[in-house]
Number of protein chains: 2
Amino acid sequence: MGFQPLMDDRKRRILEAVTDDYINTAEPVGSRTIARRYNLGVSPATIRNEMADLEDSGYLEQPHTSAGRIPSQKGYRFYVDFIMKLKPVSDEERKRIRRTLEQKRREIDLTVEETARMLAHLSRYAAFVLSPISRAGVFRRIELLPVDGQTVLVILIMDPGFVRTHLVTTEHALTRQQLAHIARFLSSRLADLPLSRIASSLLRDIKAELEDYTNFIDATVEAIARSLEMRREEQVYSDGQVNLLEQPEFQDISKARSVLELFAEDEALYSLLSGVVGDPGVTVTIGREAGHPGMSLCSMVCAPYEVRGVPMGALGVVGPTRMHYSRVVTLVEFVAENLGDVLTRILVT
Amino acid sequence: MGFQPLMDDRKRRILEAVTDDYINTAEPVGSRTIARRYNLGVSPATIRNEMADLEDSGYLEQPHTSAGRIPSQKGYRFYVDFIMKLKPVSDEERKRIRRTLEQKRREIDLTVEETARMLAHLSRYAAFVLSPISRAGVFRRIELLPVDGQTVLVILIMDPGFVRTHLVTTEHALTRQQLAHIARFLSSRLADLPLSRIASSLLRDIKAELEDYTNFIDATVEAIARSLEMRREEQVYSDGQVNLLEQPEFQDISKARSVLELFAEDEALYSLLSGVVGDPGVTVTIGREAGHPGMSLCSMVCAPYEVRGVPMGALGVVGPTRMHYSRVVTLVEFVAENLGDVLTRILVT
DNA sequence: CGTTAGCACTCGCACGACCAGAGTGCTAAA
DNA sequence: TTTAGCACTCTGGTCGTGCGAGTGCTAACG
């Protein structure tokens, strides 16, 4: 930001008009339409000239000769970065968002799930929320609860109030004492470690050490160690994929499929998100910028949410590149803020 | 079953041919095609006459005059009940299924999730698995683990090795002793009760009693009681919805949407499934039989899976009415059996 | 020199005509 | 009862046409 590239004011206003109009109508927009609908005080002919220039510099493109123009990826980028006027979230929506987040039970997973649903509903696009796991957080302790004979509930407790549980079957029955023993040992080795540091190499070491130390059968220890691996923990909740089917750009089923497949594959979605999750503030990723084939027709508006300044996760909206950026950016920002607040209240005792 | 409605053999074979052909080609099938591809030893003209009869009795229908015929809902029903020859699951698939189920970690949820994925992959349709909760099972005990200040992990342990956990925030900090107290009380009241009996009325009673007994602030108790409600527990895992988009019947996006919406709405999906989940054996529900608008173009093949004869959940496949029933029925049956076996080994100590 | 009016030109698309192909129902003969 | 033959129907694809929207260019204008 800050840097304003050279573009004279009239061009800027025309690019704005084209983009706004195309976002609303999904139809290529011509000089006549602009002259009629937006009063720039100039004739269609002038607008035509300017549009030709804008096309030359890559901000607009023509689906085919003598149709109107539509914004190119570069055009959207410029629009998002320098032109668009953010549309504040309406009071009514603010209220609804706050209410939904408040009223939700005190369970984090449900809150997150509901957030995704709400975001999809309000944006009318697809939404996702990365469940909170603070890479900056720390491990606190582990508890092992015998459930019956050979089943043990592994409970991982992390920094600000996160809990993950895994049910594992062990090969040999372990006594409550033995389990407490292991739990204490693991807790002592892992406590206060930032989650980001708990790499598989460390786990291997610990596992080896644990075997020496306790003489337990490896399968048992293995099961516990495995449940320490965090990969799976950063779960993605998504909702509203079907909303995308309403968009004219996805009427063609093969286009719809490529983006729906993206959401169906946890892996793909996760790899996609991991690119932007670290960045502070609202990030807008347009079309091929995401570097993912299924996203070439889509844009993504994404923001991290924080608890006491520490980023805990991220959420966002996926829609066609022809997205209501000005509305969605503020929406995503507002929801992220509020989810952060709610989680702060849940987590920070 | 058992009852064989009146239909002479030739009609039956023609209905079979039409259905088989339509299932394979997705094109209305005419008398000529049948005469050519299936040697029934009669001419197209004869077949035409028979087909006209079959249409009169409602087994076939014509999309429009002088296109071929396609099976009606009634036709599919007859085909499924009396005509089709089940196609055994190939050895290779058997192996793959067994391997996938074995190799999966010992966590129930992951196993179930993976089962849905596998079933979708093998059937090339959409698949779902209802996570195991035995209505016939019994409650065993509850544990309350303090996580920090005001956060408590509620751990519900059920009959054969199921565990559900909920993280709840309480209004007032409770000591470990107090929690143990509550847990013991709740366990004593609920232990050995069949899950199907734990109705909300009972929970209300217990809650009242607990308040008297412990003098705890209601919000706390409320939170715990709420996590006892089982509704949410019967979770549905589904996968492969995008597979449906490959089917020619869903090329029209509005048709695709109605069924995708079904899967997106947990509620709808659940209400749909609850209808058939109780039935033993493989159930085939065709089109409007499901009584759900979004399903009118779809069929569902569903089977319960059992642990030691007790039904624990169900799984199934959803595809177009023009589904490869003969393949899917055996597949669903086989997977249900094997999932049951695997769970038996996991659960029964 | 920037702006604008006018105009010829280009496409895409919707519409209608047309034909080929597939399939039917009916009738009459085997 | 089955079958061959035939007239008829309907869909889907192809082709041509005209219309409308929009452009680029040129020349005139302030």
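Protein chains get the first letters and strands the later ones, always in sequence-line order, with residue 1 at the start of each.
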Which atom pairs, donor and acceptor, lie under 3.5 Å between side-chain atoms of residues 61-69 of chain B and protein residues at least two apart or in another chain?
residue : atom : partner : partner atom : Å
B/Gln62 : NE2  : B/Ala67 : O            : 3.3
B/Arg69 : NE   : B/Glu55 : OE1          : 2.9
B/Arg69 : NH2  : B/Glu55 : OE1          : 2.8

Do any pairs count as a salt bridge (Lys or Arg N to Asp or Glu O under 4.0 Å) and have a residue in residues 290-299 of chain B, sequence neighbours left out, and if so which ones? none
For A/Glu265, all residues meeting side-chain contact (heavy atoms from CB on, under 4.5 Å), sequence neighbours excluded: A/Ala268
Identify whether the distance between the nearest side-chain nitrogen and carboxylate oxygen of B/Arg12 and B/Asp8 falls below 4.0 Å. no
Polar contact flag, side-chain donor to acceptor under 3.5 angstrom, A/His121-A/Asp239: no
If we ignore hydrogens and angles and just use 3.5 Å, is the side chain of A/Thr321 paired with the main-chain N or O of A/Cys298 as donor and acceptor? no
Suppose the criterion is salt bridge (Lys or Arg N to Asp or Glu O under 4.0 Å): which pairs have a residue in residues 25-38 of chain A, not counting sequence neighbours? A/Asp21-A/Arg37
For B/Pro248, which residues count as a side-chain contact (heavy atoms from CB on, under 4.5 Å) partner, sequence neighbours excluded? B/Ala26, B/Arg322
Tell me which of A/Val29 and B/Val42 sits closer to the 5' end of DNA chain D, going by the nucleotide each one is nearest to. B/Val42
Please identify each residue that fulfils ring pair (Phe, Tyr, Trp, His ring centres under 6.0 Å) with A/Tyr325, with sequence neighbours left out. A/Tyr76
Please confirm whether the backbone N or O of A/Pro293 pairs with a side-chain atom of A/Arg288, one donor and one acceptor, at under 3.5 Å? no
Would you tabulate the pairs of protein nitrogen or oxygen atoms and nucleotide nitrogen or oxygen atoms of nucleotides 27-30 of chain D closer than 3.5 angstrom?
none

Is there a donor-acceptor pair under 3.5 Å between the side chain of B/Ser57 and the backbone N or O of B/Asp53? yes
What pairs with B/Leu297 under side-chain contact (heavy atoms from CB on, under 4.5 Å), at least two apart in sequence or on another chain? B/Phe250, B/Lys255
Length of the line joining A/Glu55:CD and D/dG22:C1', which is rounded to integer Å: 12 Å
Under 3.5 Å, N/O pairs linking protein and nucleotides 10-21 of chain D:
residue : atom : partner : partner atom : Å
D/dC10  : O4'  : B/Ser66 : OG           : 3.3

Reading DNA chain C in the 5' to 3' direction, which nucleotide is the first one with an atom under 4.0 Å from a heavy atom of chain A, and which is the last? C/dT3 to C/dG12
Residues forming a ring pair (Phe, Tyr, Trp, His ring centres under 6.0 Å) with B/Tyr79, sequence neighbours excluded: none
Within residues 45-53 of chain B, residues whose heavy atoms come under 4.0 Å of DNA chain D: B/Ala45, B/Thr46, B/Arg48, B/Asn49
